**Student:** 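Here it is, the structure, as structure tokens.
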Amino acid sequence: MSVSLILALGLGVLGYVIAPRRAVAAAGGDARKLAALPRQYGLNTLLAVLVPSFAILIAGSLAGAGLYLGWAILIVAFIGFAGSLFNITPDYRARTHAESWIKLILIAASVIAILTTVGIVFSMVFEARNFFSQYDWKDFFLSAEWSPNFRGNSSLGILPLLWGTLYISFIALIFAVPIGLFAAIYLSEYSSRRMRSIAKPAIEILAGIPTIVYGLFALVTVGPFLRDYFAAPMGFGDSASSVMTAGLVMGVMLIPFVSSLSDDIINAVPQTMRDGSLGLGATKSETIRQVVIPAALPGIVGAILLAASRAIGETMIVVLGAGAAARLSLNPFEAMTTVTVKIVSQLTGDTDFASPETLVAFALGMTLFVITLCLNVLALMIVRKYREQYE
Amino acid sequence: MKDTQMTNAKISTKGVQVHYADTHAIKDVSVEIADKTVTAFIGPSGCGKSTFLRCINRMNDTIDSCRVTGDIRIEGEDIYDVKVDPVQLRAKVGMVFQKPNPFPKSIYDNVAYGPKIHGLARNKAELDEIVEKSLRKAALWNEAKDRLLSPGTGLSGGQQQRLCIARAIATAPEILLMDEPCSALDPIATAQVEELIDELQKSFSVVIVTHSMQQAARVSQKTAFFHLGNLVEYGDTDKIFTNPEDPRTESYISGRIG
Amino acid sequence: MTHKSLLTADVRTKKRNAAEARFKAYGLGAIVVAMLALALLLTSVVSTGSSAFKQTYATISVPLTEAKLDKSGTRDLAVMKKVTTIGYTRLLRDGIVTAVEELGLETTLSAKDIGKMLSKEAAATVRNRVLANPEIVGTSVEFKLLTNGRIDGYFKGRVTMESAALDGNTSPEELQLAQQLADAGVFVTTFNWAFLTAPDASDQRPEAAGLGVAILGSLYMMIVVLVLALPIGVAASIYLEEFAPKNRWTDVIEVNISNLAAVPSIVYGILGLAIFINFMKFNQSSPMVGGLVLTLMTLPTIIISTRAALKSVPPSIRDAALGVGASKMQSVFHHVLPLAAPGILTGTIIGLAQALGETAPLLLIGMVAFVREYPAAYSADAGLFGEASTALPVQVFNWTQRADPGFVERASGAIITLLIFLLIMNAIAIFLRRKFERRW
């Protein structure tokens, strides 16, 4: 296969060299009589060889046709080579044809985005279906017990995982939304340019820090701190990993997310609106609370939904900060677990793709994907509509 | 200047200078504006007339790089005194902007916004009364009375601008500043607003910035002509338009500059 | 109406101004909280991790007794390999005990306990040296060897006399002796290059664990991401921004890309596991699969920033090119793309930085495995980037799961390394943006 790929490549390069000469010869040696520049003839031949070859290569390896793939590539490459050389006449619009090939490449690249989504859906639907053929969907969605057992007879109810996910996300948002929003308001409405130029990048640094770093922070610093100074003295338990630990750290992670989205949205509220309010003798805070925020509200709601989607899908912070015990409890200082934690724990280590204990991860993944998809699309639609309103 | 004018003046300014970061926008402007009259500021664009208008209710405070020096007094009180709260000042000196900018709230709430924040009404009935009175004064009551709770942004451009005027009136100001209030309106809406301005001068002293000389001639009693940050000429509107003293004013009026 | 002076604030205004001040204070408070969180996070990581870049070594002379290492005396490697690290451990013990005696240090420790002060890795180090160079058997050779994690921790302040008293793996006496050996220059704490180059080490020897394999794996993945994501992302952006008709279809692609940017990263891990490993049979744990998964994850980021960069090129440039008879394609490739290049590069670097720090999807494709062999970029069996590897952020996670507290230091040290890489990448992005920023 790699041999025929190299051959196809060689054929393309050969075409790139011969085609211009052939074209000039066809025009009786006068390049000005051609419908396109000589090198555009070369480019056209090169692309006519390579584009179909690569298309076959990708399609073939996706379909798993190993043996004949090499021949197919060679045949297609040769057809492209011969065809494009045969077509050369002085009137042949080589540039237009070459550009069609390029456009095809561009389209193919943008289709990859679609294919990714298709791939995600496929990979999960396929295995999740296997899971539901072995495990009753009612037990999965409605059972409050999660106790996988690799010898079989597991209880795989999603409810305690969902509870942990939502509880942690809720705490994270309770923490991040007011702080992020107030930070955005302060930076866009009050702060001096100097302070903005320092504080804004500093907050953005928080956004650039990988989540594993937050996870370690939860594990090493925040967890033990909360346990020693809050949970243990107040009698809430003695676990370092807890809903509170993960929630707070995730909240810190979300601050820059909320604040930069809100900042954009607040800045999109026209200045004339603020002037109108200030001109009536409103103070800045009255203007913000009663005019700017209501005007920006849809956008802010969208931002919060996006933040929620991110919180629900976050993995490393909860893996290291929340614990592994599936539990339905209200005590925020107790260790609980989330959908993402269980996806990781069921799919790492020894996995057996025939057992429901492994396959459940795909059902969990699908649930997670559907929830975040709904939140994302809703949020994107709200934000989009909001932007259009002030454009 | 004569003494009588001094005592009558609602607003008096002396040697006002305004600097932006590195431009000198207003150069030594002194002017006396009388109560219960319409005063028009005219001049080519960029001449500083809007900047000067925004000094009168300290809206320029909201621009970081803007520095105002000199003396601006309203009823003899220096409005740039450290003891003056711009919030109180702006309740007394209302403003209407170039582009109608109703808040994304109902018509009622738009008008009630000012009285609410300044605490002008003791109860709902009083607030209702203020809203009705303001809308009536702004000649919008008949059109809006049946849809008070629908959003202010749903009105037509001219109606929106009258709503903004009603909103400004509702805080019971003594002075009304208007920054090219008709520039975004069609001729019919413009005529309605101009008619309204005529009405308003009975209760307020109105200062209007306009780029239209015809409008200045139609609505104002006094006119000030600004050019490149200088106050070139100030006097009775009739006189400015028929017999200007300064050659620059004459060039502008006759259309040679601007 | 009664005349109210502007010079005196009324009660209501005072109240409103107080509310204003409070509101402003909340805003400032929010920023302070965010800054504090950042400071706390960085301090926590740096204070636990910076010591990973220092390491305590013991310089001792080890008697490589022929009777123990090569009874046959033939220097035959096959025979010599039969001596395991346990055999070497005894020699090392002799070496260090001799060193203690020669210095005349008083201690109540048994020879066994003194020997334990060296890392378990030390025996392997000596063994490898001997096997690589059998001639040295029979002589005494000076080695620079790792001390064990507790002794190392003592010199970095992590282990104290109090904690040692409660610790089954060490004792205050050992620490006292270690201090004396350090005073005598036998134990020396130096910069730990091995942390950046050595491979991972097993559970009981955190002092030997390094990031070499992880850095290599991350590097391979970044190469894959750069080579795939940049051209595909740019091509897709050019189509969507310059050529695509505005219809339902492109609308779907657009929403789809925005959604992909917000899909939880772990979902990409599931995709990688199901499609690339289970279906397309790529090697598990390989940088190739990791790179492919990260490519798909990074694409939306690159597409979004590239489209913004293309959009910021004013239409007049396109018109000018079309006006002199260039085709649409030529106007894009000759004029628009070069002008948008700095923006595209900045977006790409930020996307790469994001990919470098991503952990969750890599866990699912098996990169959390214990790998001690440096992966080759290409091998005949495994293909391009096909050999098992791990990655920087995954190594961090891996170390957090180990029992020995020495690994917490290693994990934080790995994070410092990761953050330094990210810092460099972002600095380059900022530099590019500053240097080529254009205002139209």
Side-chain angles (χ1 to χ4, degrees), chain A residues 95 99 102-103 105-107 109-110 112-114 116-117 119-120 123-124 126-127 178-179 182-183 185-186 190 199 202-203 205-206 208-213 216-217 219-221 252 255 283-285 306 309-310 313 315-316 320 340 343-344 347-348 353 362 365 368-369 372-373 376-377 380, chain C residues 16-17 19-20 23-24 26-28 30-31 33-35 37-38 41 44-45 48 232 235-236 238-240 243 253 255-260 262-267 270-271 273-275 278 296 299 303 327 329 353 357-360 363-364 368 393 396-397 400 408 411-412 415 418 422 426:
Chain A
R95 201 199 65 217
E99 286 180 356
I102 295 176
K103 204 162 162 184
I105 298 175
L106 300 183
I107 292 175
S110 39
I112 287 182
I114 297 277
T116 307
T117 306
I120 289 173
S123 60
M124 288 190 299
F126 185 70
E127 302 280 13
I179 292 181
F182 265 112
I185 288 171
Y186 189 86
Y190 284 107
I203 291 179
I205 289 178
L206 280 174
I209 291 177
T211 57
I212 180 79
V213 182
L216 192 79
F217 182 51
L219 182 77
V220 175
T221 310
V252 174
I255 289 174
T283 62
K284 257 186 170 175
S285 66
L306 278 179
S309 154
R310 181 165 278 215
T315 309
M316 293 324 293
L320 292 175
T340 49
I343 294 177
V344 171
L347 284 182
T348 47
F353 282 90
F362 292 92
L368 181 70
F369 180 69
T372 53
L373 179 76
N376 294 345
V377 172
L380 290 171
Chain C
R16 287 170 60 202
N17 284 336
E20 168 78 14
F23 189 81
K24 202 170 160 181
Y26 295 151
L28 199 57
I31 290 184
V33 169
M35 298 286 219
L38 176 65
L41 178 72
S44 147
V45 168
T48 47
I232 295 177
I238 289 177
Y239 179 71
L240 293 173
F243 293 98
I253 297 187
V255 171
N256 180 46
I257 287 172
S258 311
N259 176 54
L260 281 179
V263 163
S265 60
I266 191 153
V267 169
I270 298 181
L271 167 84
L273 177 64
I275 304 276
N278 285 357
L296 294 183
L299 261 180
I303 292 179
S327 70
M329 194 70 77
E358 194 54 62
T359 320
L363 298 181
L364 300 193
V368 74
V396 174
F397 170 72
T400 61
V408 171
S412 300
I415 279 183
L418 178 64
L422 292 178
N426 281 296

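Order of the sequence lines fixes the chain letters, A, B, ..., with proteins taken first and strands second; residue numbering starts at 1 for each chain. Computed from a prediction, not measured in an experiment: that's the story for all the values here.
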**Student:** Quick one: what part of C:Ser258 sits under 4.5 Å from any heavy atom of chain A, side chain, backbone, both or neither?
**Tutor:** both
**Student:** I need the C:Leu41 CG to A:Thr221 OG1 distance, nearest 0.5 Å.
**Tutor:** 8.0 Å
**Student:** Can you tell me how far CD1 of C:Ile270 sits from OG of A:Ser123, rounded to the nearest 0.5 angstrom?
**Tutor:** 7.0 Å
**Student:** Could you report the tightest heavy-atom contact between A:Val344 and C:Leu364, atom names first, then the distance?
**Tutor:** CA-CD2, 3.9 Å
**Student:** Check whether C:Val33 gets within reach of chain A through its side chain, its backbone, both or neither, counting any heavy atom under 4.5 Å.
**Tutor:** side chain
**Student:** Is it the backbone or the side chain of C:Leu240 that comes under 4.5 Å from a heavy atom of chain A, or both, or neither?
**Tutor:** side chain
**Student:** List the atom of A:Ile343, the atom of C:Ile266, and the distance in Å for their closest heavy-atom pair.
**Tutor:** CG2-CD1, 3.9 Å
**Student:** Can you tell me how far OG1 of A:Thr116 sits from CG of C:Leu296, rounded to the nearest 0.5 angstrom?
**Tutor:** 4.5 Å
**Student:** Which atom pair, heavy atoms only, marks the closest approach of A:Ile212 to C:Gly357?
**Tutor:** CG2-O, 4.2 Å
**Student:** Considering only heavy atoms, which portion of C:Ala353 lies under 4.5 Å from any heavy atom of chain A: side chain, backbone, both, or neither?
**Tutor:** neither
**Student:** Report which part of A:Leu216 has an atom under 4.5 Å of a heavy atom belonging to chain C: side chain, backbone, both, or neither.
**Tutor:** side chain
**Student:** Kindly say whether A:Ser285 contributes a backbone atom to a donor-acceptor pair with the side chain of C:Glu20 at under 3.5 angstrom?
**Tutor:** yes
**Student:** Can you tell which of A:Thr211, A:Ile209, A:Leu306, A:Leu320 has the highest number of heavy-atom pairs within less than 4.5 Å of chain C?
**Tutor:** A:Leu320
**Student:** Side chain from CB out, backbone as N, CA, C, O: work out which of these in A:Glu99 comes under 4.5 Å of a heavy atom of chain C, or both, or neither.
**Tutor:** both
**Student:** Does A:Ala113 offer a backbone N or O that forms a donor-acceptor pair with the side chain of C:Asn256 under 3.5 Å?
**Tutor:** yes
**Student:** In terms of heavy-atom proximity below 4.5 Å to chain A, should C:Leu38 be classed as side chain, backbone, both, or neither?
**Tutor:** both
**Student:** For the interface with chain A, which of C:Asn426, C:Asn259, C:Leu422, C:Ile257 has the highest count of heavy-atom pairs at distances below 4.5 Å?
**Tutor:** C:Asn259
**Student:** In terms of heavy-atom pairs under 4.5 Å with chain A, which of C:Asn278, C:Asn17, C:Thr48 leads?
**Tutor:** C:Asn278
**Student:** Search all heavy atoms of A:Thr283 against all heavy atoms of C:Arg16 and return the closest pair with its distance.
**Tutor:** N-NH2, 3.8 Å
**Student:** For A:Ala109 versus C:Ala236, what's the shortest heavy-atom pair and its separation?
**Tutor:** CB-N, 3.6 Å
**Student:** Can you see which heavy atom on A:Ala202 is nearest to which on C:Met35, and at what distance?
**Tutor:** CB-SD, 3.6 Å
**Student:** Given a strict heavy-atom distance threshold of 4.5 Å, which part of A:Ile114 is in contact with chain C: side chain, backbone, both, or neither?
**Tutor:** both
**Student:** Could you walk me through whether A:Tyr186 and C:Tyr26 pass the ring-ring contact (aromatic ring centres under 6.0 Å, His included) test, one step at a time?
**Tutor:** CA-CA 9 Å; A:Tyr186 189 86; C:Tyr26 295 151; over 10 Å; no
**Student:** Could you look at C:Leu260 and say if it's the side chain, the backbone, both or neither that has a heavy atom under 4.5 Å from chain A?
**Tutor:** side chain
**Student:** Identify which of A:Ile105, A:Ile112, A:Ile203 forms the greatest number of heavy-atom pairs closer than 4.5 Å to chain C.
**Tutor:** A:Ile112
